Amino acid sequence: MASPPLTVLHSADPAPELLTVPQVMAHLQLGRSAVYDLLRTGPLASITLGRARRIPAHAPTDFIRTRLEQEAAA
């Protein structure tokens with residue numbers, strides 16, 4: 001008896017959950033060094049997978065929101 005065909009599941013949201021540094025650079029319109037400085041100092045959340053640095057998709061938005069709140073409070 002033949003097995004049923006495999007079904008490919010597609011997410012309703014095609015956006016990736018993890019972004020690369022170049023993707024974040026484009027999103028924030030910052031250079032590579034500036035993004036790595038934000039990752040190193042902590043305002044931009046990230047995880048390391050092997051030697052690769054990945055940024056959760058929500059992190060750039062969270063970073064922008066935090067900066068806006070800080071500037072509004074100043």
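Quick note: residue numbers are just sequence positions, from 1. Source: prediction; values computed, not measured.
- With rounding to the nearest 0.5 angstrom, the NE2 atom of His58 is 9.5 Å from the CD atom of Glu17.
- Annotation: side chain of Pro60 is in contact with side chain of Leu19 (closest heavy-atom distance under 4.5 Å).
- Using a 3.5 Å distance cut-off with no hydrogens or angles, the side chains of Thr20 and Gln23 do pair a donor with an acceptor.
- Leu44 and Leu18 fall into different hydrophobic clusters, where Ile, Leu, Val, Met, Phe, Trp and Tyr residues are linked whenever their side-chain heavy atoms come under 4.5 Å apart, directly or through other members.
- A distance of 12.0 Å separates OG of Ser46 from CZ of Arg40, quoted to the nearest 0.5 Å.
- Put simply, the side chain of Leu28 reaches to within 4.5 Å of the side chain of Ile64, judged on heavy atoms.
- Taking each heavy atom of Pro56 and Ala45 in turn, the nearest pair found is CD-O, 3.5 Å.
- Side-chain atoms of Leu49 and Ile47, non-hydrogen and from C-beta on, do get closer than 4.5 Å to each other.
- Looking at Val35 and Met25, their side chains come closer than 4.5 Å, going by heavy atoms from C-beta outward.
- Inter-residue side-chain proximity for Arg53 and Leu39 is flagged as met; some heavy-atom pair is nearer than 4.5 Å.
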